Amino acid sequence: MNGVIWSKTQKTFVPISSVPMFAMRHQERLRQSRALEIHNFQLQNLTVTSFQESRFFEFYDNDSKVTGLCGDLWTFLSEKLNFTLQAVRSNEISAGALKKNETVYTSGLLGVLTRNETIAIPKTEMHGNRLVATDFTIPLWMNSQRLYIQHEVIHDSTWMAEVFSWKIWCFILVMHLLISVCSFWSQIVHLRIKNNWKHSTFGDHIFYNFGMICNQNQIPNILVGRSRIIELSLALFCSILYMSFGALLYVYITKRITIIAPFDDLNSLLTNTKYKIVSLEGSTADIAFKVINDDIFVRIKTARCPHRLDVAPTVEKMYELACMKGKGKYTIFQGEDDYKVRNQIGCHMIPVGKSYFKIWVASGIVKNFKYKRTIDLGILRLKEVGLWNALTYRWLNEKRQYCDYYNFKQEAIGIDQVSLIILIMCCGIIIAFIIFIIEKIVYAYKYRSS
């Protein structure tokens with residue numbers, strides 16, 4: 001009890017807690033508050049209502065028992081606080097949303113709470129507008145809201161240029177020039193000793209050494225006279241290059257995939273793509289587009305040609321839109337916790353861009369419930385002993401989501417995977433044809449002049 005009061009006997013201000021009458025009242029309030037915190041329910045029935053939600057609140061044994069992250073939490077609370085957990089499976093499909101011109105929730109799990117048909121709901125995001133229907137427990141975890149698109153495997157057609165880093169390519173070029181210089185000078189020295197001045201040009205060495213690197217290892221007579229040591233060094237260098245390139249060839253041509261994000265954020269989604277956003281009715285994403293007045297949210301919400309925002313009534317419908325092909329592309333706007341437990345519905349989804357906002361998730365308690373602090377203290381104790389961390393790791397472990405992704409079926413090599421090789425070959429043919437025409441023109445000109 002804070003504050004001061006004027007003491008007539010001491011002629012000064014003294015703490016209120018020093019006055020016996022106020023001290024007794026303060027102790028009585030502390031006793032009553034403590035009694036609420038350590039209340040023993042004595043096996044009293046407490047009703048928790050929810051729909052079937054995979055890995056969050058799952059019903060089993062004829063819907064008489066529950067498991068999952070929030071299901072196990074309330075089971076442990078019933079054992080700790082000595083109450084009988086009565087789990088009720090609801091026909092509702094979401095937490096519910098306020099309809100236009102409504103001030104109370106009439107649908108969803110929040111509508112069930114508003115009508116006092118249950119004591120608690122196991123999972124709800126902590127939005128301010130939901131305080132009209134529920135009181136929140138202490139926060140359970142932080143949830144980030146992100147965009148997710150259908151994962152598409154795209155083979156990297158530029159794999160040939162990416163097998164080696166740019167430093168290795170520069171090293172190969174330097175070695176090629178260095179060996180060409182050495183072979184050119186070695187041939188000059190050799191022919192000078194033999195008094196033979198008929199030797200090849202430096203361009204010939206560049207050209208035929210490049211042929212060696214390209215595995216065209218026939219040495220023309222014009223290069224006779226080069227050092228044997230240089231020939232051996234060139235052959236060894238080319239052999240190492242072939243082995244290194246061949247070792248990485250299969251990996252890059254078959255398994256190298258690139259995930260090309262079509263957009264980075266909501267702004268690039270709106271301006272650079274035709275993607276539509278779909279969210280679950282009553283979810284945090286749905287509420288965000290209704291209450292956030294940022295420019296990009298307003299532009300997406302008011303876009304008409306084409307319409308950019310859809311709200312799905314069920315999770316299945318939301319994923320049906322996101323996974324369909326040929327009728328427009330959709331991106332899902334949802335929380336990371338939902339993604340971890342639902343990203344295997346229909347198709348594999350991947351996150352795109354950064355998270356847009358974060359929000360706490362808690363359990364919802366009916367308004368003015370007398371023993372809410374008892375439940376809060378029970379959750380706090382479960383967190384203190386590490387039991388909540390163990391439950392989170394068990395039910396929301398992200399590693400569980402990628403087991404099927406890395407076991408995909410190997411497919412045959414397609415034309416798109418070797419398109420760069422074909423393009424280089426075609427460019428070489430065109431260049432050779434141009435050089436051939438130039439040589440014919442030069443030869444004809446010299447022949448007529450002579």
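Remember, predicted model here, so these are calculated numbers, not experimental data. Side chains are part of it too, since the values below use all heavy atoms of this structure and drop only hydrogens, waters and symmetry mates.
Considering all non-hydrogen atoms of both residues, Gln145 and Ala285 come closest at OE1-N, 4.2 Å. Here the closest heavy-atom approach between residue Phe237 and residue Met175 is recorded as CZ-CB, 3.7 Å. Counting all heavy atoms, side chain and backbone alike, Leu131 lies closest to Lys367 at O-NZ, 2.9 Å. Looking at every heavy atom in both residues, Thr106 comes nearest to Arg115 through O-NH1, 3.1 Å. Taking each heavy atom of Leu81 and Ile375 in turn, the nearest pair found is CD1-CA, 4.0 Å. When all heavy atoms of Glu58 and Glu53 are compared, the closest pair comes out as CG-O, 3.7 Å.
The closest side-chain heavy-atom distance from Val278 to Thr331 is not below 4.5 Å. Residues Thr124 and Leu109 form no side-chain contact, since every pair of their non-hydrogen atoms from C-beta on lies 4.5 Å or further apart. Counting heavy atoms from C-beta outward, Phe369 and Leu46 have side chains that approach closer than 4.5 Å. When side chains are defined from C-beta on, Thr134 does not count as touching Tyr105, because their heavy atoms never get closer than 4.5 Å. Under the 4.5 Å side-chain criterion, counting only non-hydrogen atoms from C-beta, Trp141 is in contact with Trp388. Side-chain contact between Ile277 and Tyr330 is absent, with no heavy atoms from C-beta onward closer than 4.5 Å. Using a 4.5 Å heavy-atom cutoff, the side chains of Gln334 and Tyr339 are in contact. Proximity of Leu110 to Arg130: side-chain heavy atoms (C-beta onward) are separated by under 4.5 Å at one or more points.
Not a single donor-acceptor pair under 3.5 Å links the side chain of Arg299 to the backbone N or O of Asp294. Checked by atom type and distance alone, the side chain of Lys372 pairs as donor or acceptor with a backbone atom of Phe136 at under 3.5 Å. Looking at Asp265, its side chain does come within 3.5 Å of a backbone N or O of Ser268 through a donor-acceptor pair. Remark: side-chain polar atoms of Glu92 are not paired, donor with acceptor, to backbone N or O of Ser50 under 3.5 angstrom. Using a distance-only test at 3.5 Å, with no hydrogens or angles considered, no donor-acceptor pair links the side chain of His348 to the main chain of Gln150. Between the side chain of Asp376 and the backbone N or O of Ile138 there is at least one donor-acceptor pair closer than 3.5 Å.
In this structure, the ring of Phe57 has its center no less than 6.0 angstrom from the ring center of Phe51. Taking the six-membered ring for Trp and the full ring otherwise, the centers of Phe263 and Tyr275 sit less than 6.0 Å from each other.
Interatomic distance, NZ of Lys290 versus OG of Ser279, reported as 8.5 Å (0.5 Å rounding). Note that SG of Cys323 is 13.0 Å distant from NZ of Lys329, once rounded to the nearest 0.5 Å. Atom CG in Asn82 sits 7.5 Å away from atom CD in Gln42 (nearest 0.5 Å). Annotation: the span from Ile93 atom CD1 to Leu280 atom CG amounts to 7.5 Å, rounded to 0.5 Å. With rounding to the nearest 0.5 angstrom, the CD1 atom of Ile435 is 12.5 Å from the CD1 atom of Ile430. Annotation: the span from Asp63 atom CG to Arg89 atom CZ amounts to 5.0 Å, rounded to 0.5 Å.
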Stepwise side-chain contact (heavy atoms from CB on, under 4.5 Å) test for Ile121 and Leu113: CA-CA 8 Å; Ile121 58 176; Leu113 269 180; 3.8 Å; yes

Is there a side-chain contact (heavy atoms from CB on, under 4.5 Å) between His127 and Thr284 once you walk through the steps? CA-CA 8 Å; His127 302 296; Thr284 300; 3.1 Å; yes

Derivation of the side-chain contact (heavy atoms from CB on, under 4.5 Å) call for Val104 and Val132: CA-CA 7 Å; Val104 295; Val132 299; 5.9 Å; no

Checking Phe76 against Leu391 for the side-chain contact (heavy atoms from CB on, under 4.5 Å) test, could you report, in this order, the C-alpha distance in whole Å, the side-chain angles of both residues, the deciding distance, and whether it holds? CA-CA 11 Å; Phe76 287 131; Leu391 289 176; 4.0 Å; yes

Evaluation steps, ring-ring contact (aromatic ring centres under 6.0 Å, His included), between Phe333 and Tyr148: CA-CA 7 Å; Phe333 200 175; Tyr148 300 88; 8.9 Å; no

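Within a 6.0 Å sphere centred on OH of Tyr60, other residues, nucleotides and ligands contribute more than 12 heavy atoms. With a 6.0 Å radius and a threshold of 12 heavy atoms from other residues, nucleotides or ligands, Lys65 has its NZ atom at or below the threshold. With a 6.0 Å radius and a threshold of 12 heavy atoms from other residues, nucleotides or ligands, Lys80 has its NZ atom at or below the threshold.
A cation-pi geometry, defined here as NZ or CZ lying under 6.0 Å from the six-membered ring centre and within 45° of its normal, holds between Lys123 and Phe56.
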Could you tabulate the donor-acceptor pairs under 3.5 Å formed by side-chain atoms of residues 349-365, not counting sequence neighbours?
unit_1	atom_1	unit_2	atom_2	d
Tyr356	OH	Leu266	N	3.2
Ser363	OG	Trp74	NE1	3.3
Ser363	OG	Pro122	O	2.7

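With hydrogens and angles left out, the side-chain atoms of Thr67 and Asp72 include a donor and acceptor closer than 3.5 Å. Side-chain atoms of Asn389 and Thr392 include no donor-acceptor pair closer than 3.5 Å.
By the 30° and 60° cut-offs, the orientation of the rings of Tyr371 relative to Phe41 is perpendicular.
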